[in-house]
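Quick note on labels: first sequence line is chain A, next is B, and so on, each numbered from 1.
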2 protein chains.
Amino acid sequence: MPEHGPPPIFDLLNEIGIISQLSRAAMEARTPEGVVLPHFSVLNHLVRLGDGRTPLQIARAFQMPKNSLTHTLSGLEARGWIEMRPNPEDKRSKLVFLTDAGRAFRDDTIQSLAQDFQAIVPEIEPGEVEVVLPFLKKLRALLDQRRD
Amino acid sequence: MPEHGPPPIFDLLNEIGIISQLSRAAMEARTPEGVVLPHFSVLNHLVRLGDGRTPLQIARAFQMPKNSLTHTLSGLEARGWIEMRPNPEDKRSKLVFLTDAGRAFRDDTIQSLAQDFQAIVPEIEPGEVEVVLPFLKKLRALLDQRRD
DNA sequence: ACTATATAGTTCTACGTCGAACTTAATCAA
DNA sequence: TTGATTAAGTTCGACGTAGAACTATATAGT
C-alpha cells in the first residue's frame, strides 16, 4: 500500500539545506564581526579562477542576484580586500581585483577553518568525495538548467 | 609549486551551499506568496514523524534557532495549516498539530514539486542516493557535533 | 518549602538577501 | 545618426533569520 512518499530528491535537498546552514554558521564563527560567508566565497573564487572579473560574472558563478553581489562587494571593498576599477572595455562595467590584504585574509581564513574542520576531514574518504562531488555538480547543473 | 588549495570539504560545502540556494528558489517558485521553504519543511516534518511535537523539538530537528521557528510557526498558524495547543505536561510549552488544510497543502506542494522535478528525478540513480544520502547525513552529524 | 538555576517560548533589533525600479552605457535597427 | 532595446550596476523596500534580552514555568539544591 505504497503511500509512496516524496522521491529521494526531497531527502537529499532537505539534508543539503541543513548542512548549508550549519557550515555557514561554522564558517562565520571563525570570521571577524560582520564578515559573512559570501565575502569569503567571493575572495576564494577570485583566488582560484583569477581576478579582474566583472561583478556580473561573479554573480552568475554563484547563482546569486547581482544586487546581492553589489552588497557583498561593497563590504569587501570597505575592508580593503578588493579594488574596483573601471572596465576599459565597457564603461558600464567594473572589474574586481584582489588586494594583498584580501589574499591574506582568504589564506588565513582557510587556515583557521581547516584547523576547525580537522576532526571532520579524516572522516571523509576520497572514495566518497569522488562520488559525492560529481553528483552534487550534476545536481546543481540540473537545478540550474531547470529554471527556464 | 603547490599552492595546495583548500581541502575537498570546502568544495563540497561550496557546492552544497549553491544547491541549497537553487533548490530553495525552485521550491518557493511553486508556492503561494509569502510561503517559504521552512514552512513546507516543517509541515513535511510533522507528516513524516508525526505531529504533537513541541516547537523546540522541531527547531532542534532543523538545527534552527527557536526564535526563527516561532516566526515560521506563526506563519503556518496564520494560514490555518497548524494548530498550537498547550502542552498538558508542561505549561511553558506548546504542542504543534497539523490541520487537514496543512496536510492538503503539503501534499499538493509535493505533487507540484515532483512534477517540477520530473526532469531531474530520472537523472538520479538509486546507487548514487545510497552513497550520497548517508554521506550527507554523516557530514551533517559531524558538523553538528563540531559546534561545541 | 525556598532559593537558584535552567528551560520553553516570545519580542526586539540588526542585518543579509532579493525582487523591482532606476541610471547609464552598449547594441541593434532603420 | 537617431531611436529603441538590452545589459551592468546601484538603490529602495520588504522580509526571512538569528543573537540578546525578557517572561513564565520547571527543576535542582539545601
Side-chain angles (χ1 to χ4, degrees), chain A residues 17-18 20-42 52-79 82-97 147, chain B residues 17-18 20-42 52-79 82-97 147:
Chain A
I18 294 177
S20 167
Q21 238 181 299
L22 287 172
S23 69
R24 162 175 290 233
M27 190 274 157
E28 293 179 0
R30 287 292 173 188
T31 231
E33 187 61 26
V35 178
V36 100
L37 186 134
H39 291 133
F40 172 72
S41 300
V42 168
R53 295 169 181 278
T54 70
L56 197 61
Q57 287 177 318
I58 300 169
R60 279 203 266 256
F62 288 101
Q63 319 284 37
M64 173 192 299
K66 56 184 180 175
N67 53 356
S68 300
L69 187 69
T70 296
H71 190 243
T72 301
L73 291 179
S74 74
L76 290 172
E77 195 176 20
R79 289 167 216 276
I82 60 168
E83 271 183 23
M84 307 275 279
R85 304 182 200 153
N87 183 350
E89 295 179 358
D90 186 337
K91 288 183 192 166
R92 296 170 301 182
S93 178
K94 299 181 176 177
L95 297 181
V96 183
F97 289 89
R147 40 161 217 187
Chain B
I18 294 178
S20 167
Q21 234 182 301
L22 287 171
S23 69
R24 163 175 288 231
M27 191 272 158
E28 293 178 1
R30 288 293 175 189
T31 231
E33 187 62 27
V35 179
V36 101
L37 186 135
H39 291 133
F40 171 73
S41 300
V42 168
R53 296 168 180 278
T54 71
L56 197 61
Q57 287 177 316
I58 300 170
R60 279 202 267 256
F62 289 100
Q63 320 282 31
M64 173 191 300
K66 57 186 181 176
N67 53 357
S68 300
L69 188 71
T70 296
H71 190 241
T72 301
L73 291 179
S74 76
L76 290 172
E77 195 176 20
R79 290 169 215 273
I82 60 168
E83 271 182 25
M84 307 275 279
R85 303 181 201 154
N87 183 349
E89 294 179 359
D90 187 336
K91 287 182 191 167
R92 296 170 300 183
S93 176
K94 300 180 177 179
L95 297 180
V96 183
F97 288 90
R147 42 161 216 189

Give the minimum heavy-atom separation between [X] and [Y], together with the two atoms involved.
X     : Y     : answer
A:R53 : A:I58 : CB-CG1, 4.2 Å
A:G52 : A:L95 : O-CD2, 3.5 Å
B:A59 : B:L69 : N-CD2, 3.6 Å

So, A:H39 side chain and A:V36 main chain: donor-acceptor pair closer than 3.5 Å or not?
-> yes
d([atom1], [X]; [atom2], [N]) in whole Å:
X     : N      : atom1 : atom2 : value
B:E28 : C:dT17 : CD    : P     : 14 Å
A:L76 : C:dG16 : CG    : P     : 12 Å
A:N87 : C:dT24 : CG    : C1'   : 14 Å

With the criterion being N/O to N/O and under 3.5 Å, what pairs connect the protein with nucleotides 8-15 of chain C, and how long is each?
unit_1, atom_1, unit_2, atom_2, d
C:dA8, O3', B:S93, OG, 3.4
C:dG9, OP1, B:S93, OG, 3.1
C:dG9, OP1, B:K94, N, 3.1
C:dG9, OP1, B:K94, O, 3.4
C:dG9, OP2, B:L56, N, 2.8
C:dG9, N7, B:K66, NZ, 2.7
C:dG9, O6, B:K66, NZ, 3.3
C:dT10, OP1, B:K94, NZ, 3.1
C:dT10, OP2, B:T70, OG1, 2.8

Scan A:Q21 against the nucleic acid and name what it touches under 4.0 Å (heavy atoms): base, sugar-phosphate only, or nothing.
-> sugar-phosphate
Chain A reaches DNA chain D, atoms under 4.0 Å from its heavy atoms, from D:dA7 to D:dA18
Give, for atom CG of B:L22 and atom CE of A:M64, the distance between the pair rounded to the nearest 0.5 Å.
-> 11.0 Å
B:P55 side chain near B:V96 side chain, heavy-atom distance below 4.5 Å = yes
Side chains of A:F62 and A:P38: does their closest heavy-atom pair fall under 4.5 Å?
-> no
Audit row: A:V35, A:R79, side-chain contact (heavy atoms from CB on, under 4.5 Å) steps and yes/no = CA-CA 10 Å; A:V35 178; A:R79 289 167 216 276; 3.7 Å; yes
